[in-house]
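This report refers to the structure that appears directly beneath it.
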Amino acid sequence: MSKLFQPLRLPNGEVLRNRIAKAAMEENLADADHAPGEALIRLYRAWAEGGAGLIITGNVMVDRHALTGPAGVVLESDRHLARFAAWADACRSRGAQAWLQINHPGRQLMADLGQPALGPSAVAVNIPGLEKLFAQPRALSEAEIEELIQRYVNTAMLAERAGFSGVQIHAAHGYLFSQFLSPLANRRTDQWGGSLENRARILLRTVAAVRTLVSPQFCVAVKLNSADFQRGGFDADEAAAVVQLLNEQAVDLVELSGGSYESPAMQGQTRDGSSLAREAYFLEFAERIAAVARMPLMVTGGIRRRAVAEQVLQGPVAMLGMATALAVDPALPRRWQSGEDAGVEPIVVAWKNKAFAAAATQSIVKKQLALLSRGKPTRPRTSPLLALLGNQLKTKRQSREYRRWVSR
Ligand SMILES: Cc1cc2nc3c(=O)[nH]c(=O)nc-3n(C[C@H](O)[C@H](O)[C@H](O)COP(=O)(O)O)c2cc1C
């Protein structure tokens, strides 16, 4: 039998029924209360029926004042817990595990959302041509860092109460924990900056605090960059060192990705000129990190064909994550299981400006999520320009609605 469909036992004893995960994708489809509503439930039912063994939600915010994008899901109190329970139910309806990804944008906070941006240091995101997209951050105080850790713990505990089977703490892609890990974004000289141990402190403290307050069978996972792909940034050796630090905690899985808004390696594009594999971008990095990791590793990025998925599992990597491919065809795992050799075409936007190309690619994928949320078939062969413009208009409208909601 293909390794793709062999179960995986996690360190806490829980079992994933196969090796395919639907990786996190921010949907921007929350209801008017920034909770999961019908749209998200319909979308996640499609993935549940599609056969992935693990469904990781798009990032859910630990603070209503800090969203990675408009119409994002926020979980900071039990006010709408019944809707989260319905969401968890939809994800788990066909036997998949459902993990809620929890996140805070830190300095990657869109200026249009009208909220103060906070980060490890007052260092703004720097993307040529898109300087005005993100707000200028200020450095968090130590008391605010402690409060933030409590927010992650609170959201994780609420996720367990809602019936999710785990959480994934997002420490990749240039969001808050990834900023702390980065020597470029983190210029602190206190216990939260400087040495790698200090830069990783917020992540490690959060993992430890979550682990002690959820039940042992509740899975705790981390998404980490295998590198930031920026000169002077968090690199592959540091990623291996963070995994070694995580070895000391009861972490059930580490997902490896890479990049950030500044260097969108997760889409196969880097700004420091380093080249990535054409498919399964971070596999080589993951195989190197596997030499030191005690928990199972998952690799995500660029996987859309069965042959590549099989190849990923031939080495020490235990799981593979797919985002784009499952946005285009949520039933890919089920089709592979029934023996089909199906795959999806890559979404390639060959524009010179990599940041704009990355934004257009994201817009095309988000359009597929919106179609699935309305029960419609996907249409990945769409104009990148139209998808980008359409997404920008929608983002503007949703940001206006968000500003009204958050100031109530
Ligand atoms: C529309 C979109 C939204 C995404 N949102 C998230 C997110 O909320 N959290 C996250 O960790 N990664 C997010 N990602 C990154 C994916 O999880 C994944 O790492 C990346 O797309 C590479 O995998 P792929 O080639 O299979 O798409 C997003 C990707 C896309 C395309």
Side-chain angles (χ1 to χ4, degrees), residues 20-30 40 43 47 52 54-62 67-69 71-73 99-105 108 167-178 221-226 229 253-261 264-270 276-283 285-286 298-305 308-309 312 319-330 332-333 343-349 357-373 378 380 384 387-388 391 394-395:
I20 304 172
K22 177 257 153 200
M25 271 179 284
E26 177 179 332
E27 314 87 0
N28 311 101
L29 288 168
L40 279 175
L43 171 61
W47 280 318
L54 170 63
I55 294 176
I56 305 174
T57 66
N59 60 180
V60 168
M61 302 301 120
V62 301
L67 266 58
T68 55
V73 180
W99 295 355
L100 194 90
Q101 186 186 63
I102 56 181
N103 194 24
H104 185 293
Q108 281 186 168
V167 284
Q168 185 186 57
I169 295 166
H170 197 351
H173 300 169
Y175 291 116
L176 185 68
F177 286 0
S178 168
V222 172
K223 185 163 182 170
L224 186 71
N225 274 355
S226 53
F229 300 96
L253 183 121
V254 169
E255 176 184 358
L256 292 165
S257 183
S260 64
Y261 271 101
M266 65 293 232
Q267 294 183 3
Q269 312 250 20
T270 60
L276 297 170
R278 255 169 35 85
E279 296 175 76
Y281 314 135
F282 308 111
L283 183 57
F285 292 91
M298 167 167 143
V299 70
T300 299
I303 303 166
R304 54 188 172 76
R305 292 193 301 129
V308 174
V312 165
M319 279 295 282
L320 60 98
M322 290 193 287
T324 305
L326 295 185
V328 173
D329 183 358
L332 213 48
V344 307
E345 291 296 315
I347 295 175
V348 182
V349 180
T361 308
Q362 281 253 345
S363 304
I364 295 174
V365 179
K366 284 197 176 162
K367 198 173 161 138
Q368 312 313 308
L369 304 185
L371 286 167
L372 290 168
S373 78
T378 58
L388 181 62
N391 192 52
K394 192 168 156 196
T395 302

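Side chains included, hydrogens not; waters and symmetry mates left out as well; all remaining heavy atoms used. Indexing begins at 1, ligand by ligand and atom by atom, following the structure's order. What you see is a predicted model; the values in this text were computed from it and never measured.
- Applying the side-chain contact (heavy atoms from CB on, under 4.5 Å) rule to A309 yields the partners L4, I303, L320, W336; only residues at least two apart in sequence or on another chain are considered.
- The protein atom (non-hydrogen) at minimum distance from atom 19 (O) of ligand 1 is K223 NZ, 3.2 Å.
- Residue K366 approaches ligand 1 through these ligand atoms, each under 4.0 Å from one of its heavy atoms: 1 (C).
- Interface of M322 with ligand 1, defined as ligand atoms under 4.0 Å from a residue heavy atom, comprises 26 (O).
- The closest protein non-hydrogen atom to atom 20 (C) of ligand 1 is M266 O, 3.8 Å.
- The atoms of ligand 1 that sit less than 4.0 Å from any heavy atom of T300 are 18 (C), 19 (O), 23 (O).
- Set against the non-hydrogen atoms of N59, the atoms of ligand 1 under 4.0 Å away are 8 (O).
- Heavy-atom separations between G301 and ligand 1 include at least one value shorter than 4.0 Å.
- Ion pairing of K366 with E27 is absent here, as no side-chain N (NZ or NE/NH1/NH2) approaches a carboxylate O to less than 4.0 Å.
- For atom 3 (C) of ligand 1, the nearest non-hydrogen atom of the protein is E26 N, 3.3 Å.
- Given atom 21 (O) of ligand 1, the protein heavy atom at minimum distance is A323 CB, 3.7 Å.
- At under 3.5 Å, not a single nitrogen or oxygen of Y281, backbone or side chain, sits near a nitrogen or oxygen of ligand 1.
- Of the protein's heavy atoms, Q101 NE2, 2.8 Å lies nearest to atom 11 (O) of ligand 1.
- Of the protein's non-hydrogen atoms, G302 N, 2.7 Å is the one closest to atom 25 (O) of ligand 1.
- With a heavy-atom cut-off of 4.0 Å, A24 touches ligand 1 through backbone and side chain alike.
- With a 4.0 Å cut-off on non-hydrogen atoms, T324 touches ligand 1 through its backbone as well as its side chain.
- When each atom of ligand 1 is checked for a heavy atom of A23 under 4.0 Å away, the hits are 17 (O).
- Contacts with ligand 1 closer than 4.0 Å are made by side-chain heavy atoms of H173 only, the backbone lying farther away.
- When heavy-atom distances to ligand 1 are checked against a 4.0 Å cut-off, H170 comes that close only through its side chain, counted from C-beta outward.
- Distances shorter than 4.0 angstrom occur between a heavy atom of S257 and an atom of ligand 1.
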